[in-house]
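Lettering of chains follows the sequences in order, A, B, ..., and the numbering in each one begins at 1.
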Amino acid sequence: MINITLPDGSVRQYESGTTSMQIALSISEGLARNVLAAEVNGEVWDADRAIDTDATVSLLTWNDTKGKATFWHSSAHLMAEALEALYPGTKFGIGPAIETGFYYDVDFGDRDFSSDDFKQIETKMLELAKTKSRYERIPVSKAEAETYFTEKDDEYKLDLIKDLEDGYITFYKQGNFTDLCRGPHIPNTGFIKAVKLTNVAGAYWRGDESRKQLTRIYGVTFPKQSELSEYVKMIEEAKKRDHRKLGKELELFTFSEKVGMGLPMWLPKGAALREKLSNFLQRAQLKAGYEQVITPHIGHKNLYVTSGHYEKYGADSFQPIKTPQEGEEFLLKPMNCPHHCELYKFKPRSYKDLPVRFAEFGTVYRYEQSGELHGLTRVRGFTQDDAHLFCRPDQVKDEFKKVIDLVLYVFTALGFDDYTAQVSLRDPENKTKYIGSDHNWQLAEAAIIEAAEEKGLKTVVELGEAAFYGPKLDFMVKDALGRKWQLGTIQVDYNLPERFELEYTGSDNAKHRPVMIHRAPFGSLERFIAVLIEHCAGNFPLWLTPEQFIILPISEKYEEYAKKVLESLNNSDIRGLIDLRDEKIGRKIRDAEMKKVPYMLIIGEKEVADGVVSIRKHGAGDLGSMGVEEFRDKLITEITV
RNA sequence: GCCGAUGUAGCUCAGCGGUAGAGCACUUCCUUGGUAAGGAAGAGGUCAUGGGUUCAAGUCCCAUCAUUGGCUCCA
């Protein structure tokens, strides 16, 4: 007999060789019907794999992330089976589960493939799913594995096998399809009830540009048809909220081929929104002891040679511009920190002056590969809400915690309440990628980890994700549709102060080196606004909306009164317009609704007579009438929360 | 940068070998209308750019540019 510990802490006894499925059955039949796999001593196993020692077991269903991953990975095998049945001779690379769904990299040889073929594959997959074929785990020797795929002439699988250790290799077979696979898998294909292939793309074998490009087919599957419908609805909603579409419709920003790709231009309404956003942060920063600075858009090449960025990124950047006479080289600034270091050096600093906090909405330019540009989220020119904090080593952790507070304040004010913090550390295997001493790295990494811990942040640690000059803490927010975005960042840097030979005089009257913290709560205004647009579907918080109200006179007879109302409402905090077009009120309301204007003020005979305005709220309808003063107070209260 | 898709009026799109289409927006006129589209008329395009095939090219082929889905990259 063996002891099985379940997630609730209870221990049950089973015969050795019991499977997770049998354990599930012993609990309830309903549970057994939904079990996809099981986590056995921290490792995900097939539900029908025999357990022969004491173990901690948690049964995985569709509601567990790991259950979903198993489901999708098994779906990748099902797709492969369909592909092999439909297109004999297809060779297979890898087919993992991803955050939503799965993909399989395949080599069709000379065959053309496009999304037009999806329908056929989906149909075949569903047909194969109905056979309820078991996913059978078959341990094989390395030699057997090689023989099988040599016969199949699949060089990709052979390439994978090469790196595997004999004795730990398994095949999985369902129906007529056998694949090299570590597993685990769901019990049988019958669990897969709904299938949708989403897109095709090229992907290099093992992500290596010098190797052959395979066709990557993405798909997603569900245990219920209704879940697929929900998923499709979610995709449609995401399309509706796409910031590129809304940016155009709401006249926020635009791009021009003539100006250059990846260089966003802000239209009046977008500029107004952006202005409000930066003023908001600037106020918060002034309160937190930051000082605003301004630096030029270009910097001498030597500045970046000193900072180390030239060596690291020089070749992949916009190339230097030269002065015509002397041939001096200047670079468009790709970041603000070197400029700020020079500002720090303006005068000798005492330990009493620290921390010094320089903030700047600095526009920077980076050469991004053309294929990488995307709306406002990936551009070649953008404005960072940048600041650099120069502090004593003993202040680092405290400063770091203050920055965390500021970032969270910003997120909360803008309605992002679901976030996690990612601690990005050095890749311990590959230290040559980074600059700076081991000692400093250890100090910095410890400071970040402790600060995050003391602030009680929900964190994940990622090795190898650090910047080349220091570790960082990145904030990932989840938007209204549950999509994850990386926004704010805080980075500790012991390197630049070294390179720029920054100093302060300590209480011991000796020279010391300050530590630098880079931080940007928004990251970049462009990216942040893009995420904000999608998060709120273009319905911005009232205080950010470029046009907070619009006055809609019922006919031109009330134009004069409407103008008077506008005059008494417009001030530096509230802005609105009048719709004076020769249109009926229904039309004016419709257009204002489409433009997502928060408040519509309707003015007709009644309102003029009573000296009031009739209020209609976007998305909510008629609110009745009120005096102009009353409405103004209401707006002001609402924007100053 | 690499692979695939796309590029027709300000916007959304139809047309896919035989002399350019729709809806919305725009202009003018009529209408002065009470909570999500009042009516009529008009104007607007070297069909991304450059080559080629053809009696004839938005329509087929090639190249370039841009957009886009991925890959790789991201100070």
Review point. Looking only at N and O atoms, is any donor in the side chain of A:Asp622 or the base of B:G34 less than 3.5 Å from an acceptor on the other one?
Key: no
Note to self: So for A:Glu593 and B:A36, does any side-chain atom that can act as donor or acceptor lie under 3.5 Å from a complementary atom in the base?
What the structure shows: yes
Against the side chain of A:Lys557, the closest entry in B:U32, B:G38, B:A75 is B:U32
When we call it a touch if two heavy atoms are under 4.0 Å apart, what does A:Thr215 touch: a base, just sugar-phosphate, or nothing?
nothing
Quick note, A:Ile554 side chain, CB onward, closest among B:G33, B:C73, B:C71 is B:G33
Worksheet item: Between A:Tyr469 and A:His518, does the ring centroid distance fall short of 6.0 Å?
Response: yes
Q) Regarding A:Tyr231 and A:Lys196, is there a side-chain donor-to-acceptor distance under 3.5 Å anywhere? A) no
Worksheet item: So what does A:Ile585 hit on the nucleic acid, given a heavy-atom distance under 4.0 Å: a base, only sugar-phosphate, or nothing?
Response: sugar-phosphate
- Pair A:Asp159-A:Trp205, side-chain donor/acceptor within less than 3.5 Å: yes
With sequence neighbours left out, the residues meeting side-chain hydrogen bond (donor to acceptor under 3.5 Å, both in side chains) with A:Glu342 are none
Practice problem: Mind checking A:Gly586 for me? I need base, sugar-phosphate or nothing, with any heavy atom below 4.0 Å counting as a touch. | Solution: sugar-phosphate
Residues A:Lys91, A:Asp105: salt bridge by 4.0 Å N-O rule: no
Q.
Students often get this wrong, so: under 4.0 angstrom with heavy atoms, is A:Tyr218 touching a base, only sugar-phosphate, or nothing?
A. sugar-phosphate
Taking for A:Ile589 and for A:Gly207 the nucleotide of RNA chain B with the nearest heavy atom, the one nearer the 5' end belongs to A:Ile589
(request) Answer with base, sugar-phosphate or nothing: what part of the nucleic acid does A:Asn199 contact at a heavy-atom distance below 4.0 Å? (result) sugar-phosphate
### Message
When you compare the side chains of A:Tyr599 and A:Glu547, does any donor N or O come within less than 3.5 Å of an acceptor on the partner?
### Response
no
Closest of B:C71, B:C73, B:G34 to the A:Glu605 side chain is B:G34
Original post:
How is A:Arg244 classified with respect to the nucleic acid when contacts are heavy atoms under 4.0 Å: base, sugar-phosphate, or nothing?
Top reply: sugar-phosphate
Provide the distance between the two C1' atoms, one in B:G1 and one in B:C60, to the nearest whole Å. 30 Å
Whole-Å distance, A:Tyr204 OH to B:C71 P, equals 12 Å
Closest to the side chain of A:Ser614, out of B:U35, B:A36, B:G33, is B:U35
Note to self: Does a side-chain N or O of A:Arg616 approach OP1 or OP2 of B:A36 to a distance below 4.0 Å, or not?
What the structure shows: yes
* Donor-acceptor pair under 3.5 Å, A:Arg378 side chain vs B:C73 base -> yes
TODO: Considering just the side-chain nitrogens and oxygens of A:Lys248, establish if one lies under 4.0 Å of OP1 or OP2 belonging to B:U12.
DONE: yes
Can you tell me whether the side chain of A:Glu607 and the base of B:G34 have a donor-acceptor pair closer than 3.5 Å? yes
**Span that lies between the P atom of B:U67 and that of B:U35, in whole angstrom** = 46 Å
By nearest-nucleotide position on RNA chain B, the 5'-leaning member of A:Ala201 and A:Ser317 is A:Ala201
Check: NA contact type, A:Ser307, heavy-atom cut-off 4.0 Å: base, sugar-phosphate, or nothing?
Finding: nothing
Could you tell me whether A:Glu556 contacts a base, only the sugar-phosphate backbone, or nothing, with contacts defined as non-hydrogen atoms closer than 4.0 Å? base
* **Between B:U8 and B:G15 - P atom distance, rounded Å** => 14 Å
P gap between B:C74 and B:G51, integer Å: 41 Å
* Ring stacking, A:Tyr313 with base of B:A75, under 5.5 Å and under 30°? -> yes
Original post:
Is any side-chain nitrogen or oxygen of A:His374 closer than 4.0 Å to OP1 or OP2 of B:G70?
Top reply: no
Checking B:C2, B:G34, B:A66 against the side chain of A:Met261 (C-beta onward), the nearest is B:A66
Checking B:G34, B:C30, B:A37 against the side chain of A:Arg590 (C-beta onward), the nearest is B:A37
Salt bridge (Lys or Arg N to Asp or Glu O under 4.0 Å) filter on A:Arg244, not counting sequence neighbours, yields A:Asp242
